[in-house]
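Note sheet for the following structure.
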Amino acid sequence: MKVLSVVGARPQFVKAAVLSRALARHGIQECSVHTGQHYDDNMSDVFYRQLRMVAPAYMLDVGSAGHGAQTGEMMRRLEPIVEAEHPDWVIVYGDTNSTLAGALVAAKAHVHVAHVEAGLRSFNRAMPEEINRIVTDHVADAHFVPGENARAQLQREGILEHVYVVGDLMIDLAREVLAQLPARPPILDRFGLESKRYALATIHRASNTEKETFTPIVAGLRRLPGRVLFPVHPRTRPLAEALGLGQGDNITLSEPLPYLEMIALQRHACGVLTDSGGVQKEALVAGTPCTTLREETEWVESLEGGWNVLAGSDPERIAGAGMRPAPETPLGGIFACDSGCAERIVRALLETARLPSRR
Ligand code: UD1
C-alpha cells in the first residue's frame with residue numbers, strides 16, 4: 001500500500017508525525033507533501049526537527065494568500081504530484097485550506113481520500129475551517145472520527161460507511177510528551193515563570209484577529225490576576241503591536257513556540273486561553289483548565305465538568321474564567337479514550353484498502 005499525506009499547517013505536522021510512525025511500522029509506503037501554508041522556521045521546520053519527522057518529499061511553497069488563491073494554488077501544484085505518485089490513499093488532516101486542497105485534488109483524480117479528524121462541526125459557517133471540514137467529509141472515502149459525537153454528526157449528514165472511531169492523534173502525542181517532561185522544564189526559566197502561577201494564551205482565528213474582537217479579548221487578558229504568556233501567531237502580530245501588548249501590562253509576548261515547549265507550558269500554566277482547536281485538547285490532557293475565546297467549540301466533550309469554558313471575546317467572562325481552579329470531576333469522551341489512535345487508523349486503512357478502485 002502507498003499513501004500520500006498532505007500537510008501544511010502546525011497542527012497537521014503534529015498529527016502526521018504520529019501517524020507516519022505507525023505507517024512505517026506496518027511497512028506502508030508514505031510520500032508526504034507540504035503545501036507551504038505555514039513556512040516560517042518556528043511555524044514549520046522546528047516541528048519536523050522536534051518530532052523527528054522525515055522531510056516532505058514535495059514542498060509546494062504556496063505561502064500566504066486569500067482563501068481562494070491559497071487553496072487554488074495548492075490544488076494546481078498538488079494535482080500533477082497525485083497523478084505521478086498514484087497512491088492508494090491521500091490522507092488529509094483536520095480543517096485547514098491544505099486539507100481542502102488535498103481532498104479535492106485526490107477525489108477528482110479518483111484517488112481514495114482518508115480524512116483524519118472527520119465529523120467535527122462548530123455549526124458556524126463563518127469559520128473558513130467549518131467549510132473545509134464539511135466539504136472534506138463529503139468527498140472522503142474513509143472517515144477517522146475521534147469519538148461518538150463526530151460519528152453521530154456524520155450519520156446526520158448521511159455519511160454512514162467507512163466511519164471509524166479511532167480516538168485522537170494529538171491527545172496521544174501530548175500524553176507521550178507529558179510523561180517525559182522534566183520536573184521543571186527549562187522554558188519556564190526562559191520567561192521567569194512559576195509553575196501554576198501564570199496563564200498561557202494563543203489567538204489566531206480569523207474572526208479574533210480583527211480589531212473589534214481582538215481589543216476586548218486583550219482587555220480580558222489584562223484583567224487576569226496573574227501573568228499571561230502569549231506566543232503570537234504571525235497573523236496576530238500586527239494587531240498585538242498596534243495595541244501595545246506587553247508594554248506596562250501583565251502580558252509577555254513571544255514568537256510562536258515549538259511543540260515540546262508548548263506542551264510544557266500548558267502543563268505548568270494555571271489556565272490556558274485559546275481559540276485553537278488543538279490547544280483546547282492539549283490543555284485538558286495536561287490537566288489545565290481551558291478558556292476558549294470563541295462562542296462555540298467542536299470539542300463538545302471538553303465542556304463537561306467545566307474543564308473548558310466558552311468566553312467568546314467578552315472581557316468579563318475571560319477575566320472571570322481564565323485562571324479558575326481545575327475542576328475535580330474526571331474528563332470524559334475522547335479524553336478518556338485509550339491511546340493507540342494511529343494503530344487503529346492504520347488497521348482501518350488496511351481493511352478499507354479492499355475498496356474497489358475509483359479509476
Ligand atoms: C491555519 C488554519 C487553521 C489552523 C491554523 C494553525 C485555515 C483556513 N486555517 O490558520 O485551521 O488552526 O492554521 O495555526 O487553513 N504566516 C506567516 N508565517 C507562517 C505562516 C503564516 O507569516 O509560517 C502568516 C501569513 O501572513 C498568513 C497568516 O499568517 O496570511 C495566516 O496564515 P494562514 O495560512 O492563512 O492560516 P492560519 O491563520 O495559520
Side-chain angles (χ1 to χ4, degrees), residues 6-17 33-49 56 59-75 77-78 92-105 115-118 120-122 124-137 168-170 200-210 213-214 230-242 253-259 262 272 274-283 290 292-294 296-299:
V6 180
V7 294
R10 279 190 301 192
Q12 293 165 330
F13 309 139
V14 174
K15 294 163 202 168
V33 180
H34 185 319
T35 62
Q37 177 168 357
H38 287 174
Y39 44 87
D40 292 341
D41 182 79
N42 59 21
M43 296 285 286
S44 173
D45 298 6
V46 69
F47 289 80
Y48 279 80
R49 290 195 296 275
M59 259 316 284
L60 304 187
D61 289 323
V62 163
S64 45
H67 286 280
Q70 189 180 53
T71 312
E73 198 51 37
M74 287 174 189
M75 291 180 66
R77 297 184 194 192
L78 191 55
V92 294
Y93 299 86
D95 57 18
T96 72
N97 290 340
S98 301
T99 315
L100 177 65
L104 287 179
V105 165
H115 186 202
V116 176
E117 244 181 43
L120 297 173
R121 298 290 181 267
S122 65
N124 174 3
R125 289 209 182 194
M127 282 180 82
E129 293 84 358
E130 184 76 350
I131 310 296
N132 294 343
R133 293 179 192 120
I134 294 171
V135 176
T136 302
D137 277 340
D168 190 278
L169 294 172
M170 263 187 149
L200 177 71
T202 79
I203 303 165
H204 75 270
R205 289 258 103 83
S207 59
N208 280 342
T209 47
E210 284 161 17
T213 37
F214 190 70
F230 181 7
V232 189
H233 187 289
R235 177 201 281 283
T236 320
R237 173 68 59 182
L239 266 173
E241 285 173 1
L253 301 185
S254 83
E255 74 286 0
L257 295 171
Y259 176 73
M262 277 300 286
V272 168
T274 188
D275 60 6
S276 152
V279 176
Q280 286 176 57
K281 288 182 285 180
E282 288 168 354
C290 182
T292 294
L293 305 169
R294 290 172 49 198
E296 73 281 310
T297 177
E298 302 75 31
W299 304 104

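Note that the structure is predicted; figures quoted are calculated from it, not measured. As the structure lists them, so they are numbered: ligands from 1, and atoms in each ligand from 1. In what follows, residues are counted from 1 in the order of the sequence shown.
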List below, pair by pair, the N or O atoms of ligand 1 and of the protein that are less than 3.5 Å apart, including the distance to 0.1 Å; reply 'none' if no pair qualifies.
residue	atom	partner	partner atom	Å
ligand 1	9 (N)	Glu129	OE2	3.3
ligand 1	11 (O)	Asp95	OD1	3.2
ligand 1	11 (O)	Glu129	OE2	3.1
ligand 1	11 (O)	Arg205	NH2	3.3
ligand 1	12 (O)	His204	NE2	3.2
ligand 1	12 (O)	Arg205	NH2	3.0
ligand 1	13 (O)	His38	NE2	3.3
ligand 1	15 (O)	Gln37	NE2	2.9
ligand 1	15 (O)	Asn97	N	2.7
ligand 1	18 (N)	Asp40	OD2	2.8
ligand 1	22 (O)	Tyr39	OH	3.2
ligand 1	23 (O)	Tyr39	N	2.9
ligand 1	23 (O)	Asp40	N	2.9
ligand 1	34 (O)	Gln37	NE2	3.0
ligand 1	34 (O)	Gln70	NE2	3.4
ligand 1	35 (O)	Arg235	NH2	3.4
ligand 1	38 (O)	Arg235	NE	2.8
ligand 1	38 (O)	Arg235	NH2	3.0
ligand 1	39 (O)	His38	NE2	2.5
ligand 1	39 (O)	His233	NE2	2.7

Side-chain touch Glu298/Arg133, heavy atoms, less than 4.5 angstrom: yes
Any donor-acceptor pair under 3.5 Å from Thr136 side chain to Ala103 backbone: no
Pair Thr35, Gln70: side-chain N/O donor-acceptor within cut-off below 3.5 Å: no
Min side-chain heavy-atom separation Val33-Arg77 under 4.5 Å: no
Side-chain heavy atoms of Ser207 within contact of Arg294, under 4.5 Å: no
Side chain to side chain contact (heavy atoms under 4.5 Å, CB included) partners of Pro238, counting only residues at least two apart: none
